[in-house]
**Student:** 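Here it is: the structure, laid out below.
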Amino acid sequence: MQAEPVEDEALRPDDVQRTKVMLLGAGEFSRELAVVFQRLGAEVIAVERHADAPAHRVADESVVVDLTDTDELAAVIGRLQPSFVVTVTDVVAADALTAAAETGFAQVFPTARSARLTADREGLRRLAADELGLPTAPFWFAGSLEELRAVADYAGYPLQVQPVARIDGHAATVVSAPDELEAAWQRAVAAGGPRTPDRVLAETVVEFDFRVTVLTVRSEGPTGPVVEFCTPIGHGETTGDVVESWQPQNLTPAALDAAKSIAARIVKALGGRGVFGVELMVRGDEVYFCDVSASPYESGLVTLRTQRLSEFELQARSILGLRTDTIMISPGAADVVYSEAVEQAGTIGSGLREALAVPESDVRVFGNDADGRRRLGVAIVTADDVDTARDRARQASAALRKHWGS
């Protein structure tokens with residue numbers, strides 16, 4: 001007698017078709033994620049604080065709500081009753097996520113605890129360094145300019161100062177002398193906003209060879225949680241209006257083992273399912289924990305072309321309970337283009353044509369989904385090796401900037 005086929009833990013097609021996914025945050029990353037969920041048969045609701053956000057244009061339903069208002073957000077979740085609530089922004093009421101998880105009808109990713117910690121550098125550093133014992137740069141927190149001066153007197157220079165709240169672009173300042181402290185304090189406090197008034201993170205500037213992001217995928221397997229690692233992604237500091245990343249970034253065997261160990265420990269502590277961007281500093285065989293994001297990560301945009309499954313596909317599949325893999329299929333590089341304020345070109349012009357004429361290139365042109373400094377787009381290329389890919393990415397991003405006349 002023929003054996004009955006065994007179902008794995010992935011959702012059956014009929015289950016997926018009935019699945020309703022609510023995305024909190026409707027920016028460009030949410031738009032990519034919404035399309036992936038829809039391709040897997042899910043109905044997508046995009047929620048944002050303003051109308052006509054990028055994901056609103058592709059979602060099955062769009063909602064405008066203040067994501068920081070616990071009562072308002074909880075009411076929307078209760079009314080629409082999604083199967084999954086997925087946070088794709090750092091500006092969200094964690095209490096509403098806790099309430100959604102307690103309803104019984106919604107699974108929340110990342111978990112409310114994870115969302116709260118990854119948006120708060122103080123809580124995250126204390127978890128990483130004090131509870132888990134992960135190696136980090138020496139750090140302190142200051143609640144006033146006087147406290148920051150005392151930290152600097154003790155720690156010495158150079159010292160990096162940044163907001164406690166996670167902010168795009170970080171608003172980090174490297175201070176080299178006492179007379180630079182006040183400006184660094186003011187910049188960090190202004191960027192931190194009302195969530196963490198008058199509180200900053202100060203840390204010793206550690207010498208390192210390079211920074212890497214280890215995209216870590218946590219999913220559910222037949223016997224419990226499964227953790228997979230993408231090939232390390234290297235990335236540079238912001239240079240003018242461009243942020244560069246590339247895959248693979250080679251590490252020594254000892255450093256790679258340490259990077260995976262650190263990533264696995266912090267992801268396990270945060271819990272939940274999905275993609276976590278674990279940012280690390282590497283010096284020889286030594287690896288230091290810097291930060292973690294519990295959602296698709298900017299450095300991970302390169303995976304749109306380098307991996308069989310991009311970070312967005314990995315996020316959606318792991319949340320839905322579908323099988324994942326982290327196979328890299330080609331070396332590649334990505335340049336994200338930023339600007340403070342610019343009008344997007346209304347037609348396809350020579351800049352876009354020139355960018356796409358670069359061998360093995362692709363681009364994403366982003367909408368205006370942020371105030372102030374924002375992502376305009378990204379050039380992503382592949383090649384036989386990373387050096388060639390990085391050169392091509394620079395060519396493509398330089399051409400892409402002409403799309404906005406910059």
Side-chain angles (χ1 to χ4, degrees), residues 3-25 29-47 55 58-61 77 80-88 92 97-115 118 214-230 263-264 266-278 292-297 300 303-304 307-327:
E4 291 289 331
V6 178
E7 294 281 356
D8 61 21
E9 293 202 359
L11 296 174
R12 302 179 188 87
D14 288 344
D15 294 329
V16 175
Q17 289 171 8
R18 294 195 298 269
T19 298
K20 187 184 294 186
V21 177
M22 176 179 284
L23 300 180
L24 302 183
F29 284 17
S30 292
R31 179 165 68 175
E32 295 282 347
L33 197 54
V35 171
V36 173
F37 274 119
Q38 288 170 330
R39 286 173 178 165
L40 295 171
E43 177 186 345
V44 175
I45 306 164
V47 184
V58 299
D60 299 283
E61 184 174 353
I77 295 171
L80 297 178
Q81 297 198 356
S83 305
F84 298 94
V85 175
V86 182
T87 301
V88 202
V92 64
L97 301 182
T98 300
E102 292 173 349
T103 61
F105 61 77
Q107 296 185 56
V108 177
F109 300 106
T111 64
R113 177 175 180 272
S114 180
T118 54
V214 177
L215 290 180
T216 305
V217 185
R218 193 170 193 265
S219 57
E220 197 68 29
T223 60
V226 175
V227 175
E228 300 170 278
F229 305 98
C230 297
I266 192 69
V267 166
K268 179 181 178 181
L270 292 174
R273 300 199 300 267
V275 170
F276 298 79
V278 183
V292 61
S293 172
S295 61
Y297 202 64
T303 64
L304 287 166
Q307 295 190 171
R308 195 184 79 81
L309 299 176
S310 73
E311 63 175 344
F312 302 102
E313 293 167 307
L314 291 170
Q315 178 82 336
R317 288 191 180 203
S318 57
I319 286 173
L320 293 177
L322 301 168
R323 289 181 177 175
T324 64
D325 71 61
T326 56
I327 297 171

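Since this is a predicted model, take the numbers as computed values, not measurements.
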**Student:** Taking side chain as C-beta onward, heavy atoms only, is Lys268 less than 4.5 Å from Val227?
**Tutor:**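 Not in contact.
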
**Student:** Does the side chain of Ser293 reach to within under 4.5 Å of the side chain of Thr118, using non-hydrogen atoms?
**Tutor:**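 No, every pair of side-chain atoms sits at 4.5 Å or beyond.
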
**Student:** Determine, stepwise, if the pair Leu270 / Thr111 fulfils side-chain contact (heavy atoms from CB on, under 4.5 Å).
**Tutor:** CA-CA 8 Å; Leu270 292 174; Thr111 64; 5.9 Å; no

**Student:** How far does CD of Glu228 sit from CZ of Arg218, to the nearest 0.5 angstrom?
**Tutor:**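 Between atom CD of Glu228 and atom CZ of Arg218 there are 12.5 Å.
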
**Student:** Which heavy atom of Val92 sits nearest a heavy atom of Thr87, and at what distance?
**Tutor:**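 Looking at all heavy atoms of both residues, the shortest contact is CG1-CG2, 3.7 Å.
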
**Student:** Nearest 0.5 Å, please: how far is CD in Glu220 from CD1 in Ile319?
**Tutor:**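 Between Ile319 CD1 and Glu220 CD, I get 13.0 Å after rounding to 0.5 Å.
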
**Student:** Donor-acceptor pair, Glu102 side chain versus Ala99 backbone, under 3.5 Å?
**Tutor:**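 Side chain of Glu102 to backbone of Ala99, a donor-acceptor pair under 3.5 Å: no, none is there.
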
**Student:** Taking all non-hydrogen atoms of both residues, which atom of Thr98 and which atom of Ala112 are closest, and how far apart?
**Tutor:**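 That closest heavy-atom pairing would be OG1-CB, 3.2 Å.
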
**Student:** Which heavy atom of Phe229 sits nearest a heavy atom of Ala263, and at what distance?
**Tutor:**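 Taking every non-hydrogen atom into account, CE2-CB, 3.9 Å.
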
**Student:** Where do Ala101 and Val108 come nearest, in terms of heavy atoms and distance?
**Tutor:**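 It is N-CG2, 3.7 Å.
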
**Student:** Could you give the distance from CZ (Arg308) to CG (Asp325), rounded to the nearest 0.5 Å?
**Tutor:**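 It comes to 4.0 Å.
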
**Student:** Write down the atom of Leu23, the atom of Ser30, and the distance for their closest heavy-atom approach.
**Tutor:**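 Leu23 and Ser30 have their closest heavy atoms at CD1-O, 3.6 Å.
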
**Student:** Would Thr103 and Ile77 count as a side-chain contact (heavy atoms from CB on, under 4.5 Å) if you check the C-alpha gap in whole Å, the side-chain angles of each, and the deciding distance to 0.1 Å?
**Tutor:** CA-CA 10 Å; Thr103 61; Ile77 295 171; 5.6 Å; no

**Student:** Just by distance, do the side chain of Glu43 and the backbone of Lys20 share a donor-acceptor pair under 3.5 Å?
**Tutor:**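 Side chain of Glu43 to backbone of Lys20: no pair is present.
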
**Student:** Rounded to the nearest 0.5 Å, what separation is found between the CD atom of Glu32 and the CD atom of Glu311?
**Tutor:**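 It comes to 9.0 Å.
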
**Student:** Answer yes or no: is there a side-chain heavy-atom contact under 4.5 Å between Phe109 and Ser318?
**Tutor:**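 They are not in contact (no side-chain heavy atoms under 4.5 Å apart), so the answer is no.
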
**Student:** Side-chain contact test, heavy atoms from C-beta onward, threshold under 4.5 Å: evaluate it for Phe276 versus Ser295 and give yes or no.
**Tutor:**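 No - every pair of side-chain heavy atoms lies 4.5 Å or more apart.
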
**Student:** To the closest 0.5 Å, what do you measure between CG (Leu320) and OG1 (Thr19)?
**Tutor:**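 Spacing of CG (Leu320) from OG1 (Thr19) equals 6.0 Å.
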
**Student:** Is the closest side-chain heavy-atom distance between Leu314 and Leu215 below 4.5 Å?
**Tutor:**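 With C-beta onward as the side chain, the pair stays apart.
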
**Student:** What residues form a side chain to side chain donor-acceptor pair (under 3.5 Å) with Ser219, not counting sequence neighbours?
**Tutor:**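 Residues passing side chain to side chain donor-acceptor pair (under 3.5 Å) with Ser219: none at all.
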
**Student:** Can you name the nearest heavy-atom pair linking Val21 to Ala42, along with the distance?
**Tutor:**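 Val21 and Ala42 have their closest heavy atoms at CG2-CB, 3.9 Å.
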
**Student:** Taking side chain to side chain donor-acceptor pair (under 3.5 Å) as the definition, give me every residue that meets it alongside Glu61, ordered by chain and number, with sequence neighbours left out.
**Tutor:**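 If we apply the side chain to side chain donor-acceptor pair (under 3.5 Å) test to Glu61, skipping adjacent residues, there are no hits.
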
**Student:** List in chain and number order the residues that pass ring pair (Phe, Tyr, Trp, His ring centres under 6.0 Å) with Phe312, two or more places apart in sequence or in another chain; answer none if no residue qualifies.
**Tutor:**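 With sequence neighbours excluded, Phe312 shows a ring pair (Phe, Tyr, Trp, His ring centres under 6.0 Å) to Phe29, given in chain and number order.
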
**Student:** Distance from Met22 atom CE to Gln81 atom CD, nearest 0.5 Å?
**Tutor:**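 Between atom CE of Met22 and atom CD of Gln81 there are 10.0 Å.
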
